Amino acid sequence: MSENKLQLEKRTVSGKKVSALRMQDMIPSVVYGGEGEPVLTVSAYNDTEKVLRVAGYHSTIDIELDGKSEMAIVKAVDLDPTTRRIFNVEFQRVSADKPVEATTPIVIEKYDESQAAKLHYELSQVMESIEIKAKPADLPKEIIADASGFADLDSKVTVADLILPNGVELADKELDPEQIVANVYDPAAEAAAREAEAEKEAPAPEDVPTTDEKKTDEGANSSAE
């Protein structure tokens with residue numbers, strides 16, 4: 001059983017009619033997967049937001065529906081582009097003994113302790129999360145990458161460097177192991193390069209008309225008129 005529990009109710013409305021549910025602080029959702037049929041559901045906004053904040057895409061949730069408890073994970077959350085409020089949720093039923101795919105955050109730790117940080121290089125995290133496969137009980141809350149060994153501008157963490165817990169594997173077998181998860185850059189050097197490029201694109205002094213030249217051109221134009 002999961003620590004995260006959410007009470008769902010079946011809904012009969014769909015399409016544009018679900019706007020009325022949202023106005024009542026309810027979140028429309030759907031439950032699918034497993035051996036059951038897809039079910040249109042709805043839940044209280046505050047309760048749902050609280051559970052999703054804890055569970056995210058990587059922890060299981062016990063959903064209560066029609067007096068029955070089922071284990072599920074969050075597969076998708078739609079947000080209102082303006083208010084950023086939860087708009088819709090998709091839950092996937094899972095079984096305790098069958099592997100499932102989930103999106104897990106990647107957390108870079110201990111960069112502040114590295115030599116690269118002491119040289120005032122900045123950390124750039126290219127991949128924020130990764131798709132993994134594991135049984136529900138083995139799904140990790142996050143994947144940790146240690147950056148304390150970063151020493152220079154060649155330092156990086158790749159997919160191959162990620163240490164997965166026991167029972168966890170990558171969902172995408174074709175993912176390039178050399179794909180960069182995080183690396184470093186020199187902000188001072190990049191600023192200098194941008195400044196040099198701007199100076200290079202600026203017009204040369206001889207190409208900028210002088211005040212006398214401007215007056216001559218204006219006089220010529222007046223005569224022509």
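Treat the numbers as computed from the prediction; the structure is a model and nothing was measured.
Atoms NZ and CG, on Lys133 and Asp138 in that order, are 13.5 Å from each other to the nearest 0.5 Å. For the atom pair CG (Asp186) and CG (Leu153), the distance works out to 6.0 Å, reported to the nearest 0.5 Å. Between atom OH of residue Tyr32 and atom CD of residue Glu37 there is a gap of 14.5 Å, rounded to the nearest 0.5 Å. Rounded to the nearest 0.5 angstrom, Asn4 CG and Lys50 NZ are separated by 10.0 Å. Atom OG1 of Thr158 and atom CG of Asn183 lie 11.0 Å apart (nearest 0.5 Å). Once rounded to the nearest 0.5 Å, the distance linking CG of Leu21 with OG of Ser43 reads 10.5 Å.
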Output, in order, the C-alpha distance, side-chain angles, deciding distance and verdict of side-chain contact (heavy atoms from CB on, under 4.5 Å) for Ile63 and Leu65. CA-CA 6 Å; Ile63 52 176; Leu65 182 62; 5.7 Å; no
Run the side-chain contact (heavy atoms from CB on, under 4.5 Å) check on Asp25 and Asn46 step by step: do they pass? CA-CA 8 Å; Asp25 274 342; Asn46 290 340; 5.8 Å; no
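Here the closest heavy-atom approach between residue Thr41 and residue Val30 is recorded as OG1-N, 3.7 Å. The heavy-atom pair separating Ile144 from Glu109 by the smallest distance is CG2-OE1, 3.4 Å. Of all heavy-atom pairs spanning Leu79 and Arg84, the tightest one is CD1-NH2, 3.4 Å. The two residues Ala147 and Ser114 come nearest to each other via the heavy atoms O-CB, 3.4 Å. Taking both residues in full, the closest heavy atoms of Ile86 and Tyr45 are given as N-OH, 3.0 Å, listed atom of the first, atom of the second, then distance. Residues Asp66 and Lys10 approach most closely at OD2-CE, 2.9 Å, considering heavy atoms.
Residues Arg11 and Val18 meet the side-chain proximity criterion, which asks for heavy atoms closer than 4.5 Å. A heavy-atom distance below 4.5 Å is found between the side chains of Thr60 and Met71. Side-chain contact between Ile132 and Pro140 is present, with at least one heavy-atom pair separated by less than 4.5 Å. By the 4.5 Å heavy-atom criterion applied to side chains, Val74 and Ser59 are not counted as neighbours. Residues Leu52 and Leu6 have side chains not in contact (no heavy-atom distance under 4.5 Å, counting atoms from C-beta outward). Inter-residue side-chain proximity for Asp176 and Val159 is flagged as unmet; no heavy-atom pair is nearer than 4.5 Å. The shortest side-chain heavy-atom distance between Val42 and Glu9 falls under the 4.5 Å cut-off. Leu139 places none of its side-chain heavy atoms less than 4.5 Å from the side chain of Thr104.
Atom CD of Glu169 sits in a crowded spot, with more than 12 heavy atoms from other residues, nucleotides or ligands closer than 6.0 Å.
Side-chain atoms of Gln125 come within 3.5 Å of backbone atoms of Ile106 as a donor-acceptor pair (strictly under, hydrogens ignored). Side-chain N or O atoms of Arg22 include one that pairs as donor or acceptor with a backbone N or O of Phe87 at under 3.5 Å.
A salt bridge links Lys5 with Asp62; the closest basic N to acidic carboxylate O contact falls under 4.0 Å. A salt bridge does not link Glu90 with Lys75: every distance from a Lys NZ or Arg NE/NH1/NH2 to an Asp or Glu carboxylate oxygen is 4.0 Å or more.
Cluster annotation: Val51 is connected to Val39 through the hydrophobic network of ILVMFWY side chains, with a link wherever side-chain heavy atoms come within less than 4.5 Å. Linking ILVMFWY residues whenever their side-chain heavy atoms come closer than 4.5 Å, directly or via other members, places Leu119 and Val184 in the same cluster. Clustering ILVMFWY residues whenever any of their side-chain heavy atoms sit less than 4.5 angstrom apart, transitively, puts Leu175 in the very cluster that holds Val168. Cluster membership check: Ile180 does not share its hydrophobic cluster with Leu123, using side-chain heavy-atom separations under 4.5 Å among Ile, Leu, Val, Met, Phe, Trp and Tyr. Linking ILVMFWY residues whenever their side-chain heavy atoms come closer than 4.5 Å, directly or via other members, places Leu162 and Ile108 in the same cluster.
Taking the side-chain hydrogen bond (donor to acceptor under 3.5 Å, both in side chains) definition, one finds that Asp47 meets it with nothing, sequence neighbours left out. Remark: Pro187 pairs with Glu122, Tyr185 by the side-chain contact (heavy atoms from CB on, under 4.5 Å) rule, at least two apart or across chains.
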